[in-house]
Amino acid sequence: MTQSTNPARVRFAPSPTGYLHIGGARTALYDYLLAKQTEGSFILRIEDTDQKRYVADSEKDLMRSLRWLGLEWDEGPDKGGPHAPYRQSKRKAIYQDHAEKLVEKGQAYYCFCSPERLDRIREEQIARGENPRYDQKCRNLDPDESARRAENGEPHVIRFKSPHQGTTTAVDLLRGEITVDNQTLDDIVLIKSNGLAVYHLAAMVDDHLMDITHVIRGAEWLPTFPVHKLIYDAFGWEEPIWVHLSLLLKPDGKGKLSKRDMEEARQKGQPIFVKDMEEFGYLPETVNNWLALMGWSYDDRTEFFPMEDLIGKFSLEKLNPSPAAINFSKLDHFNGLHIRQLDVDDFAQRIKPYFEREGYEVDEEILPDVAAAIQTRTGKLTEVTDMAGFFFEEDVDLVPKRIINKNLSASQAAYAAQRMSHLFQEVPVITQDTAEKPLRELADELDLKAGQLFGLLREALTGQKVSPPLFDIISILGKETVIERLDEAAMTLRDMAE
RNA sequence: GCCCCCAUCGUCUAGCGGCCCAGGACAUAGCCCUCUCAAGGCUAAGACCGGGGUUCGAGUCCCCGUGGGGGCACCA
């Protein structure tokens, strides 16, 4: 292991503005993997400093989704911890104190400019083709006077006093040094006029106070990264290791997913939100495996990773800084792989809810056998009803037009079904060994291809064109049911012949 | 417009100067297996963005283009 063996303290810090999507889930997964690998801590922190964007259900969805993936946190808003509270809206005073400290040190200042003025100067700057940023009107106000005005209740924000000269260099683990010219830096707002902190302050303060060792976040933070480093410096704090994850792009690779893209993808059956994964029939282990590989790799051939392997083999150094397009067909492929390595009883329990939600009454007696029969042919758990629903139905609906064609008349089919029924009645125990040969002989006798006869049998037993292997079906259904369904089919076909 | 990041098959990627006429996976096509459908096996097609350097030698290092992406809020 090339990883540092010191216990890492990592945090997943989403803002509750919507359902947990795959981008967030991937970040949380990497956090979790690093924490587990180093026997450190995985912390959940809710960044709800923007009351306007708050979505009520999202916190519940977030926790439910993380737990579904198996990414249980050690500290968080619902379970507390040594650095509680873990919800930023409850930490308002902490941020204010810290901002005041910066003001005292001359690293931040009160700004009394109105939003209207800010809008105006921004428009003017854009019109002039300049980079829009604060014109620093309040930057050089007399500190005592500023303090007085603020105390008198004049509306104000607190801004960070960015340096003007020189350059700032911040170090990202994946990209190395990122240097910006300080002239391009803006004096960002730290505390809003309503007294709440913005991300730039709140996240830095919390990460420091919570002893976060590795900040793993999306690459959309790269442009403000140098300012974040400057904020750490202003406080005199030691920086964490910064890791900016590559962005996840739309499947066509053109741009990152927007809200609308997410909805469109959902309509196509492509799960964008973690909550859709279960609904669409994916296993949590599939999702973790798939997500882990979007931006991370282990070597030049291993791709199948159960969670334990992910924990053991993950390393930050192998993270890829370039953006990655989402590949849903690979998700399907991984789901198949993980389904096939489940043991049968486990698989049986996983598919049970998918039958039930389609209204089937699952017979626990035969469920394990059904599971065994369909396991290798299940790509998504939602497919099991189409493949094996007939096991849990009283009768099947025959679709004669799939049976009867120019090579097989209704009366021929009816006769063949009847003959198979008789044949099975004579065989004490129907298995592939006892029944296949007689069936093939029957096909010869009736001048049918074996495939035709098997096809007829399949339709009679399942009402489907596609099914698990016939002899599996027969042994699960039992001789009695098999004969019943065959007789019924014969009857239906005979009626059609007349 | 300004700033930042990225750049190998359609997609995800391996490659950290010679082991690469570039390897794997998904998807695609063909074949084999076969009672259907899968699974599995085999095979095919498919990429180092361009130009300059550095070097005995560059997919790998540097520079410039180009392309893609991201950011420029009292959102995160």
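Atoms considered below: every heavy atom in the structure, side chains included; atoms not considered: hydrogens, waters and symmetry mates. Lettering of chains follows the sequences in order, A, B, ..., and the numbering in each one begins at 1.
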Flag if over 12 foreign heavy atoms under 6.0 Å of CG, A/Asp447:
no
Does the side chain of A/Thr49 get closer than 4.0 angstrom to OP1 or OP2 of B/A76 through an N or O atom?
yes
With both distances under 3.5 Å as the test, what is the Watson-Crick or G-U wobble partner of B/G67?
B/C6
Looking at B/A25, which nucleotide sits across from it as a Watson-Crick or G-U wobble partner, both distances under 3.5 angstrom, or is there none?
B/U11
C1' atoms of B/C37 and B/C48, separation to the nearest Å:
40 Å
Looking across every strand, which nucleic acid part, if any, lies under 4.0 Å from A/Ile178 by heavy atom: base, sugar-phosphate, or nothing?
sugar-phosphate
So that I know where these two stand, are A/Trp296 and A/Phe305 an aromatic pair - ring centroids less than 6.0 Å apart?
yes
Tell whether A/Asn131 reaches the base of B/G1 with its side chain through a donor-acceptor pair below 3.5 angstrom.
yes
With sequence neighbours excluded, tell me which residues meet side chain to side chain contact (heavy atoms under 4.5 Å, CB included) with A/Ser421.
A/Gln425, A/Ile483, A/Leu486, A/Asp487
Hunt down the Watson-Crick or G-U wobble partner of B/C42, both distances under 3.5 Å, from any strand shown, or write none.
B/G30
Return the 5'-most residue of the pair A/Arg377, A/Cys113 with respect to RNA chain B, ranking by each residue's nearest nucleotide.
A/Arg377
Has A/Arg128 got a side-chain N or O lying under 4.0 Å from the OP1 or OP2 atom of B/G1?
no
With distance as the sole criterion, do the side chain of A/Ser193 and the base of B/C74 form a donor-acceptor contact below 3.5 Å?
yes
Within this structure, what is the CG-to-C1' distance between A/Asp186 and B/C4, rounded to whole angstrom?
15 Å
Under 4.0 Å between any heavy atoms, over every strand shown, what does A/Gly295 touch: base, sugar-phosphate, or nothing? Just pick one.
sugar-phosphate
Would you tell me if any nitrogen or oxygen in the side chain of A/Lys449 comes within less than 4.0 Å of OP1 or OP2 on B/U36?
no
Below 4.0 angstrom from OP1 or OP2 of B/C75, is there any side-chain N or O of A/Lys192?
yes
Using the C1' atom as the point on both nucleotides, what is the distance between B/C72 and B/U55, in whole Å?
41 Å
With a 4.0 Å limit, can you tell me whether A/Lys256 has a side-chain N or O closer than that to the phosphate oxygens OP1/OP2 of B/G71?
yes
Winner on side-chain proximity to A/Glu303, out of B/C26, B/A39, B/G24, is B/G24
Using atom CG of A/Asn320 as one end and atom P of B/C16 as the other, report the distance to the nearest whole Å.
15 Å
Applying a 4.0 Å non-hydrogen cut-off, can you work out what A/Arg217 is touching in the nucleic acid: base, sugar-phosphate, or nothing?
nothing
Are OP1 or OP2 of B/C37 and a side-chain N or O of A/Lys465 less than 4.0 angstrom apart?
no
Residue pair A/Glu220/A/Asp48 against RNA chain B: nearer the 5' end by closest nucleotide is A/Glu220
Would you say B/G40 has OP1 or OP2 under 4.0 Å from some side-chain N or O of A/Arg340?
yes
Between C1' of B/A25 and CG of A/Asn289, the distance in whole Å
11 Å
Could you check, using the six-membered ring where one of them is a Trp, whether A/Phe160 and A/His200 have ring centers closer than 6.0 angstrom?
no
Would you verify whether the NZ or CZ of A/Arg159 falls within 45 degrees of the ring axis of A/Tyr110 while also being under 6.0 Å from that six-membered ring's centre?
no
Mark yes or no for a side-chain to base donor-acceptor pair under 3.5 Å between A/Arg175 and B/C5, with no hydrogen or angle criteria applied.
no
Atom CG of A/Leu247 to atom P of B/C4: distance rounded to whole Å?
18 Å
Within the structure shown, what part of the strands sits under 4.0 Å from A/Gly255 by heavy-atom distance: base, sugar-phosphate, or nothing?
sugar-phosphate
Categorize A/Ala450 for me: base, sugar-phosphate, or nothing, with a 4.0 angstrom heavy-atom threshold over every strand shown.
nothing
Give one of base, sugar-phosphate or nothing for A/Thr376, where a contact means two heavy atoms less than 4.0 Å apart.
base
Base, sugar-phosphate, or nothing: which does A/Leu470 touch, judged by heavy atoms less than 4.0 Å apart?
base
OP1 or OP2 of B/A14 less than 4.0 angstrom from a side-chain nitrogen or oxygen of A/Ser297, does that happen here?
yes
Interatomic distance where CH2 belongs to A/Trp290 and C1' belongs to B/C26 [whole Å]:
12 Å
Checking base pairs now: Watson-Crick or wobble, both atom distances under 3.5 Å. What partners B/C56?
B/G18
C1' spacing across the pair B/G71 / B/G52, given as an integer number of angstrom
31 Å
Is it true that A/His338 and A/Tyr282 have ring centroids separated by less than 6.0 Å?
no
Identify the nucleotide, in any strand shown, that forms a Watson-Crick or G-U wobble pair with B/G1, with both distances under 3.5 Å; if there is none, say none.
B/C72
Rounded to the nearest Å, what distance is computed from the CG atom of residue A/Asp300 to the C1' atom of nucleotide B/U8?
14 Å
Length of the line joining A/Asp261:CG and B/G69:P, which is rounded to integer Å:
12 Å
I'd like to know if A/Arg133 reaches the base of B/C72 with its side chain, counting only an N/O donor and acceptor under 3.5 Å.
no
Quick check: closest heavy atoms across A/Val227 and A/Leu185, and the distance to 0.1 Å?
CG2-CG, 4.2 Å
For A/Arg87 and B/A76, what is the distance between atoms CZ and P respectively, to the nearest whole Å?
16 Å
